[in-house]
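All chains are named by letter (A, B, ...) in the order of the sequence lines, taking the proteins before the strands, and each is independently numbered beginning at 1.
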2 protein chains.
Amino acid sequence: MTTHETGSHAAPDSEAADTEARIFEAALRVFARKGKDGARLQEIADEAGIHRPLLHYYFRTKQKLYEAVAAHMFGQFLDSFDAPSHDGPFADVLRAFIDHYVDNIREHQNMAKWMVAENMAGNPFLGERLAAAFETEGSPQRHMEEAILRATERGEIRPVNQKQLMLTIVSACVFFFIQLPTVKMLNPLARDDFDAFVEARKEHVFEVIYYGLASREEVADA
Amino acid sequence: MTTHETGSHAAPDSEAADTEARIFEAALRVFARKGKDGARLQEIADEAGIHRPLLHYYFRTKQKLYEAVAAHMFGQFLDSFDAPSHDGPFADVLRAFIDHYVDNIREHQNMAKWMVAENMAGNPFLGERLAAAFETEGSPQRHMEEAILRATERGEIRPVNQKQLMLTIVSACVFFFIQLPTVKMLNPLARDDFDAFVEARKEHVFEVIYYGLASREEVADA
DNA sequence: AGAGTGTTTGACAACATGGTCAAACAATAC
DNA sequence: GTATTGTTTGACCATGTTGTCAAACACTCT
């Protein structure tokens, strides 16, 4: 058994002590870049600046390393969506949700892409966590769902299936990030001034989802 | 040089003649399932019911096989979006677009997932093709863009950035498909009656994008 | 200094996988 | 029939990659 978790004694210089953390971070980057199958332990080792056998010393196998990093990533990623509850008019709640959500994806693009890839591959982790979050009092997901419900009851917004709406909002906030290379080829602004593009996207998503496309005259006869 | 393209002579029984096609289809499935790195030539051979060296006989290398299948897949996938131009009220055009788009993704889920994965990995193919499509008279993309423009000029819909809107529509139509396992964990209908869910999704996407969430009273004071 | 503990290193084994080859096997043309 | 051409097969090689190991190393404690 290794006892490297406890830095009791035999603790080398600070740079050597965090070998495990450096492996972790390197693995995060490489797995995000190359995928589980495409990643090579040698590449992770190189990027961490250590010798390959150390990977096996700290994490037994590639599989275990992957699982460890993935679990940590999932947790951190989901946690990053926690935000102080925002009440008031639904328009404000929606705007705040989009703002926070998009900012988080931008901060954690590696994780977001990785997670989407995992979901595509059928990994149930995110589904389980989200299903739990929707049952958990005070979670951002639950909060949003309740806000939709309240706004509907108050007649603030039209009746709508909450699950579908959540899916639509998330789609609009996430999809363009994971397809970024393609989006950049089609949208000059995304290439030239990415931050401006992201802000414009936030605004657009809110506008379309909240106000819709139809002009008021059109809506009037609907 | 092999001449297997020309079935001139040495054409065996019909089942052996389409060896190449069987490899092709098997490769399509396996690559879509496992990704380029995760896919094993042995698995493709098994699924095609042939011996592994035949893969090298028809396509020299794994790389070449991948490229051949990918190119064919991209082309077919994009072509499948061609549809008779639909004119008339923008609401109808939008509805038809969503309907056609979603149906196509449903028919070609393997290809859709594969394509998204390729885009994530930075493959510029789709971006190039789409960029070209937007410049091509009569392409579905161009048609939609023009429809948006006309509807805006006619005052049928509110002014909006076309590129952003296209992105939003596509996001709403595609994202839930590529995240299907997760969506199914969160949405009972998607699990129990998928076709009904897809139809409901089409309707929801149209409703939200065209009419928006805000009730008319809310819109009135906006 | 010497023992003990945890870490790092280099060399190595085991295996999977992509790729090659020459010989066997049709099928047709002569 | 035999020759020719294209296809299929099984055995094989080369390489890359994961995983193991024992020995070297550093560090602390007595």
Side-chain angles (χ1 to χ4, degrees), chain A residues 1-70, chain B residues 1-70:
Chain A
M1 281 294 158
T2 69
T3 64
H4 54 270
E5 306 90 70
T6 80
S8 52
H9 52 198
D13 11 331
S14 53
E15 62 152 348
D18 54 2
T19 304
E20 186 167 352
R22 285 167 61 196
I23 294 175
F24 218 92
E25 286 155 28
L28 176 66
R29 286 193 298 274
V30 175
F31 278 132
R33 212 166 47 226
K34 302 289 185 69
K36 181 184 170 184
D37 294 314
R40 295 290 108 107
L41 293 184
Q42 188 59 57
E43 187 176 353
I44 296 175
D46 290 345
E47 196 148 325
I50 53 116
H51 290 247
R52 197 170 52 76
L54 274 186
L55 296 181
H56 295 96
Y57 178 73
Y58 285 100
F59 309 85
R60 296 286 293 175
T61 68
K62 181 183 184 180
Q63 178 66 25
K64 289 237 170 51
L65 171 61
Y66 183 78
E67 285 166 4
V69 179
Chain B
M1 278 296 158
T2 69
T3 64
H4 54 272
E5 307 91 69
T6 81
S8 53
H9 51 198
D13 13 331
S14 54
E15 63 152 349
D18 53 5
T19 303
E20 186 168 352
R22 285 166 62 194
I23 294 174
F24 217 90
E25 286 154 30
L28 177 66
R29 287 193 298 273
V30 175
F31 278 132
R33 212 165 47 226
K34 303 289 185 67
K36 181 185 170 181
D37 293 314
R40 295 292 107 105
L41 292 184
Q42 188 58 58
E43 188 176 353
I44 296 175
D46 290 347
E47 197 148 324
I50 52 114
H51 290 248
R52 196 167 54 77
L54 273 187
L55 296 181
H56 295 95
Y57 179 72
Y58 284 100
F59 310 84
R60 294 287 293 173
T61 68
K62 182 183 184 181
Q63 177 68 23
K64 289 236 171 48
L65 171 60
Y66 183 79
E67 285 166 5
V69 179

So do the side chains of A:Leu65 and A:Tyr58 get within less than 4.5 Å of each other, counting heavy atoms only?
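A side-chain contact under 4.5 Å is absent here.
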[X] [atom1] to [N] [atom2]: how many Å, rounded?
X: B:Leu54; N: C:dG19; atom1: CG; atom2: C1'; result: 14 Å
X: A:Leu65; N: D:dT18; atom1: CG; atom2: P; result: 11 Å
X: A:Arg60; N: D:dC21; atom1: CZ; atom2: C1'; result: 12 Å
X: B:Glu20; N: D:dT8; atom1: CD; atom2: P; result: 10 Å
X: B:Arg52; N: D:dT7; atom1: CZ; atom2: C1'; result: 17 Å
X: A:Leu55; N: D:dT18; atom1: CG; atom2: C1'; result: 11 Å
X: A:Lys62; N: C:dC15; atom1: NZ; atom2: P; result: 18 Å

Taking only N and O in the side chain of [X], is any of them less than 4.0 Å away from OP1 or OP2 of [N]?
X: A:His51; N: C:dT8; answer: no
X: B:Thr19; N: D:dT8; answer: yes
X: A:Tyr58; N: C:dT8; answer: yes

Sequence neighbours left out, what passes side-chain contact (heavy atoms from CB on, under 4.5 Å) with A:Lys64? Give chain and number order.
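With sequence neighbours excluded, A:Lys64 shows a side-chain contact (heavy atoms from CB on, under 4.5 Å) to A:Thr61, given in chain and number order.
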Please enumerate all residues that pass side-chain contact (heavy atoms from CB on, under 4.5 Å) together with A:Ala32, with sequence neighbours excluded.
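With neighbours one apart ignored, the set is A:Asn110, A:Trp114.
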Taking ring-ring contact (aromatic ring centres under 6.0 Å, His included) as the definition, give me every residue that meets it alongside A:Phe59, ordered by chain and number, with sequence neighbours left out.
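By the ring-ring contact (aromatic ring centres under 6.0 Å, His included) rule, A:Phe59 matches no residue at all.
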By nearest atom, which of the nucleotides [options] is closest to the [X] side chain?
X: A:His56; options: D:dG19, C:dG18, C:dT20; answer: D:dG19
X: B:Pro53; options: D:dT20, D:dT9, D:dC12; answer: D:dT9
X: A:Tyr57; options: D:dT18, C:dT7, C:dG18; answer: C:dT7

Interface with DNA chain C, restricted to residues 27-48 of chain A and to heavy atoms under 4.0 Å:
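Going residue by residue through residues 27-48 of chain A, none turns out to have a heavy atom under 4.0 Å of DNA chain C.
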Considering all heavy atoms, the nearest A:Ala39-A:Val30 contact:
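Shortest heavy-atom separation between A:Ala39 and A:Val30 comes out as CB-CG1, 3.8 Å.
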Please enumerate all residues that pass side chain to side chain donor-acceptor pair (under 3.5 Å) together with B:Lys62, with sequence neighbours excluded.
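Scan of B:Lys62 (side chain to side chain donor-acceptor pair (under 3.5 Å), adjacent residues dropped) gives none.
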Could you list the residues that satisfy salt bridge (Lys or Arg N to Asp or Glu O under 4.0 Å) with A:Arg33, not counting sequence neighbours?
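Once residues adjacent in sequence are excluded, the partners of A:Arg33 under the salt bridge (Lys or Arg N to Asp or Glu O under 4.0 Å) criterion are A:Glu43, A:Glu47.
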